[in-house]
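Heavy atoms only: backbone and side chains are in, while hydrogens, waters and symmetry mates are out. Atoms within each ligand, like the ligands themselves, are counted from 1 in listed order.
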Amino acid sequence: MQKDLNTIVADVRAKTPAIKTRAEFEAYKATISGPKGVLTDVMKGMGKVPKEDKPAMGKAINEAKMAVEAAFASVIEGLEAAELAAKIGPAIDPTLPSPDSTHGTLHPIAQVREEMVDLFRRIGFSVAEATEVESEYYCFDALNIPADHPARDMQDSYYLPDELSVNNVSKKGDEKYLLRTHTSTVQIRTMLQEKPPVRIVAPGRCFRRDTPDATHSANFHQIEGLYVDKDVTLLDLKATLDHFVKTIFGPKAKTRLRPSFFPFTEPSFEMDFFSPDLGKLSNKWLEIMGCGMVDPEVFKAVGIDPEVYTGYAFGMGIERIAMILQGVDDIRYYYQNDVRFLKQFA
Ligand code: DAH
């Protein structure tokens, strides 16, 4: 009997790995543990076993049953895995390039961002990035934005809960985390890491508690520019912005700087431009960015000596530029991802 059991277990172990379908499995299982199966037969023979051999025999049968059940369980497991794999289909590597390169194009906002960044790259700017979650220090204090400034209001910015911990952004004391309201934060983070000369543009996403309408969105994009070196003057700023406007809007475009105020620049300006070739928007002064000479207070916050270095900075909304260039009159179209809209920029 023990010999029979050994043969049965050996047979089960040898044959089960090759089973490919449930039908095959059921048919084979019947030959082992079905009513007429070989293992069932051995068990039926227990009655004829002499009394003194019964305990040893019982134990041997149990062990054989367990071995057979384990082999059957692994067949079921294999069949289930194969069925699932057949349902899911072949493995996909989402990092591979599209087999059809005519599918998909850059989003219209990304197209304009790339055009702007390329232009600045060609005149010696490099691209800098920083986190979208910020502490109040980098978003406001270091930029000389006072504690009572309206931008710091709960109504205007998205603050994060105090208990939240953000590993890659440090904060001091009871300072709060918030979603950055502008890309000017990248000025601070860059100047803390690099010694002048610093010449960067920083494209990125910003967040403000604005109720969406034709020209506002709670989530939008900006490009910040910063140039710090010895002897950087307002003329350098003006020349760079002229070049930017003429490259983006055409050689006939003109710029003007209007006095304004920003806590992080002194003097500060709004830059307007004017172009005869802009369809409905032609021949009007359009305001597109804030700019100015880096305020000495900002230099002090990042440990750059304002007696030795000067710099200019500018910041603008990418959507604003895109809307003018692409003739889009409602910012919300950019975020609805309606292919009928997107295809117009393919
Ligand atoms: N951070 C300003 C904003 O979000 C834009 C800006 C104005 C950036 C003047 C600058 C600047 O670098 O010099 O409205």
Side-chain angles (χ1 to χ4, degrees), residues 113 116-117 120 125-132 134 136-146 149-153 156-158 178-192 196 198-210 215-229 232-241 244-245 255-273 286-299 301-302 304 306 309-322 331:
R113 180 198 65 211
M116 290 162 78
V117 165
F120 284 111
F125 285 75
S126 52
V127 176
E129 286 185 318
T131 50
E132 290 171 1
E134 264 302 356
E136 289 177 282
Y137 180 77
Y138 293 101
C139 201
F140 302 130
D141 301 271
L143 286 159
N144 196 35
I145 299 176
H149 194 278
R152 302 183 72 142
D153 205 285
D156 285 321
S157 304
Y158 290 108
L178 75 162
L179 298 181
R180 70 178 174 197
T181 58
H182 53 180
T183 42
S184 302
T185 55
V186 190
Q187 284 189 31
I188 302 301
R189 289 193 173 273
T190 305
M191 286 191 284
L192 285 172
V198 170
R199 188 158 28 190
I200 54 135
V201 282
R205 211 180 258 257
C206 306
F207 306 84
R208 287 183 198 172
R209 275 183 107 124
D210 277 325
T215 54
H216 294 86
S217 164
N219 165 211
F220 60 100
H221 301 79
Q222 286 189 335
I223 287 196
E224 185 80 11
L226 174 72
Y227 177 30
V228 180
D229 202 348
V232 176
T233 69
L234 193 51
L235 190 61
D236 296 310
L237 171 63
K238 172 84 167 123
T240 306
L241 297 185
F244 165 74
V245 163
T255 63
R256 86 178 169 197
L257 295 178
R258 246 179 324 109
S260 182
F261 174 78
F262 297 101
F264 33 90
T265 41
E266 183 57 37
S268 303
F269 306 92
E270 299 281 355
M271 193 203 71
D272 306 332
F273 86 102
L286 303 172
E287 178 186 318
I288 51 168
M289 73 171 89
C291 59
M293 301 305 290
V294 178
D295 194 294
E297 289 304 313
V298 174
F299 280 143
V302 294
I304 290 179
Y309 292 101
T310 54
Y312 66 68
F314 57 86
M316 66 191 122
I318 301 181
E319 280 82 346
R320 174 106 178 101
I321 306 293
I331 198 172

Margin query: I'd like to check T181 versus C206 (side-chain heavy atoms, cut-off strictly below 4.5 Å). Are they in contact?
Written below: no
Next item on the list: On the 0 to 90° scale, with breaks at 30° and 60°, tag the Y227-Y312 ring pair as parallel, tilted or perpendicular.
Entry: perpendicular
Next item on the list: Measure from the ring center of F120 to the ring center of F244 and say whether it is less than 6.0 Å.
Entry: yes
Checklist line | Partner set under side chain to side chain donor-acceptor pair (under 3.5 Å) for D236, not counting sequence neighbours | finding: T233
Margin query: I'd like to check the side chain to side chain donor-acceptor pair (under 3.5 Å) partners of D141; sequence neighbours left out, ordered by chain and number.
Written below: R152
Checklist line | Listed once per pair and sorted, the side-chain hydrogen bond (donor to acceptor under 3.5 Å, both in side chains) pairs that draw on residues 287-299, sequence neighbours left out | finding: R258-E287, E297-K300
Notebook entry, point to check: Listing by chain and number, which residues have a heavy atom under 4.0 Å from ligand 1?
Noted result: H182, S184, Q187, R208, Q222, E224, F262, F264, T265, G290, C291, G292, A313, F314, G315
